[in-house]
Amino acid sequence: MSYRADITIIGAGVIGSAVASQVAREGREVYLLEKNEGFGQEQSSRNSEVIHAGVYYERDSLKAKTCLEGNSLLYELCEKNGIAYKKCGKIIVATNDVEARKLEKLYERGKDNGVPLKMLSRREMSQLEPNLRGVAAFFSPTTGIVDSYALTSYFLRKARDNGAQVAYKTEVIGIERVSDGYRVRVQDASSDFSFITGVLINCAGLYSDKVAEMAGIDIDEASYKLHWCKGEYYSVGGGKNKLLSRLIYPVPADISLGVHVCFDVDWRMRLGPHLYYVDEISYKVDDSTKRAFLESSIVKALPFVDPSDLEPETSGILAMLQGEGFRDFVIRHEHDRGLPGFINLVGIESPGLTSSPAIARYVSQLVNEILGSKV
Ligand SMILES: Cc1cc2nc3c(=O)[nH]c(=O)nc-3n(C[C@H](O)[C@H](O)[C@H](O)COP(=O)(O)OP(=O)(O)OC[C@H]3O[C@@H](n4cnc5c(N)ncnc54)[C@H](O)[C@@H]3O)c2cc1C
């Protein structure tokens, strides 16, 4: 590593890797720094692997825009580059009249966002999914699933092919504004050193508020403070995966989209994520939440699921922005906070995996505006 970079990206999750693949090119010195031993070990490998269609998010929000754009970009790049995916579609199902009224509103929001959706009659629902029970449902044909490990690994390969240097076990521990950019202090396995970078991009996921703070931002005032929200998954055994052909979601409640049916690309079935806020990182899952799973709305729609089919499996932790109501992704060049060349990505929770290629394009535009004709 030389000690001057044009662009430094903090965090090799799916977002940092996608951004690196997009901003690295001939003539640019790009570093991607990751504190863990490998890429994508936090949110990016501990999620539902769903390619979302864009139903849930406020119109014209970054979440809605990057999700819709990311959805079509992802299918294209998976197909071209041999990344495993399935465009299986999903059904959102209401199990009672109260949910049915909410379902209609959700359908309207999705349509308003430009998502292709189809309201189903009971007959159509049972033709598509004979084992599903519900009083109302709609179908989202552009929802799918992707191998998230293969996706992040693809972005990294592309970043390296474009000349980016990737350093693992390299934690950013300090950021100082200097005349020609930022002095970044890092700690690797053997030492503590610093270098200068012109542009600094914060893709630090669960720690992105801390990194913003390191750069001198008051994260309370900026509303960048994160809440960690743990999502637990239970596997569903007993061959029950053969009884469904699509992802099945409930009508969303409280902080989440609701415990739903997830499949991976090998069609292994899970239920989750069951979400709750935590203060520390622990991915441990035991059977203490089994009751919550059994009482979830989705289980009412799946009468064939027996309690003995469910086993605690994995979990992931989401980087949620604090505050009431809808919070959008923060993707922002912080020049007006006296930090020219510093780009923050904070609160990149769901649908960040889906949005990753679109977010990378968006950040690349910001970088081009910053570097202008310099590179
Ligand atoms: C339970 C759950 C379910 C989800 N389901 C879906 C879904 O179905 N579909 C979807 O589209 N999205 C989903 N998401 C969201 C998606 O996983 C995230 O939006 C996405 O993975 C965020 O990627 P990231 O790169 O920003 O964060 P991360 O993957 O967390 O990566 C950030 C990286 O930064 C590194 N880092 C942090 N601080 C430093 C530092 N100081 N120095 C160096 N490195 C540092 C970390 O080690 C980490 O590797 C889900 C998320 C969770 C947790």
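Ligands are counted one by one from 1 in listed order, and the atoms in each one are counted from 1 as well.
Summary of contacts: the protein heavy atom closest to atom 23 (O) of ligand 1 is S44 OG, 3.2 Å. Protein heavy atom in closest approach to atom 19 (O) of ligand 1: I348 O, 2.7 Å. Looking only at protein heavy atoms, the nearest one to atom 31 (O) of ligand 1 is G13 CA, 3.4 Å. The closest protein non-hydrogen atom to atom 41 (N) of ligand 1 is V172 O, 3.1 Å. Nearest non-hydrogen protein atom to atom 50 (C) of ligand 1 is N47 CB, 3.3 Å.
In this structure, R177 is positioned above the aromatic face of Y182, its NZ or CZ under 6.0 Å from the six-membered ring centre and within 45° of the axis.
Near E49, with a cut-off below 4.0 Å to any heavy atom, the atoms of ligand 1 are 8 (O). Less than 4.0 angstrom separates some heavy atom of G352 from each of these atoms of ligand 1: 11 (O), 12 (N), 19 (O). Shown in contact with I15 at under 4.0 Å from a heavy atom are these atoms of ligand 1, numbered in order with element: 22 (C), 23 (O), 24 (P), 25 (O), 26 (O).
In this structure, T170 counts as a contact residue of ligand 1, since one of its heavy atoms falls inside 4.0 Å of the ligand. The shortest separation from a heavy atom of F39 to ligand 1 is not under 4.0 Å, leaving the residue out of contact. Within the structure, the closest approach of C203 to ligand 1 falls below 4.0 Å when heavy atoms are considered.
Among pairs with a residue in residues 127-147, those fulfilling side-chain hydrogen bond (donor to acceptor under 3.5 Å, both in side chains) read E129-R246, S140-T143, at least two apart in sequence or across chains.
Looking at E42, Q41, H52, E34 and measuring to atom 33 (C) of ligand 1, the nearest heavy atom belongs to E34. In this structure, of V50, N71, V19, L353, the residue bringing a heavy atom nearest to atom 9 (N) of ligand 1 is V50.
Taking the charged nitrogens against the carboxylate oxygens, K87 and E79 have no contact shorter than 4.0 Å, which rules out a salt bridge. Electrostatic pairing of E295 and R291 counts as a salt bridge here, judged by a charged N lying under 4.0 Å from a carboxylate O. A salt bridge links K63 and E349; the closest N-O separation between the charged side-chain nitrogens and carboxylate oxygens is under 4.0 Å.
With ring centers used as reference points, F195 lies under 6.0 Å from Y31.
Y154 and S21 share no side-chain donor-acceptor pair at under 3.5 Å. Defined by atom type and a distance below 3.5 Å, a donor-acceptor pair is missing between the side-chain atoms of S223 and R327.
Contact annotation: for I10 versus ligand 1, heavy atoms closer than 4.0 Å belong to the side chain alone. Residue contacts with ligand 1, taken as heavy atom pairs separated by less than 4.0 Å, involve Y233 solely via side-chain atoms from C-beta onward.
Across V265, L151, L74, a single residue satisfies side-chain contact (heavy atoms from CB on, under 4.5 Å) together with I83, and that is L151.
Considering only heavy atoms from C-beta on, S72 stays 4.5 Å or farther from L68 through its side chain.
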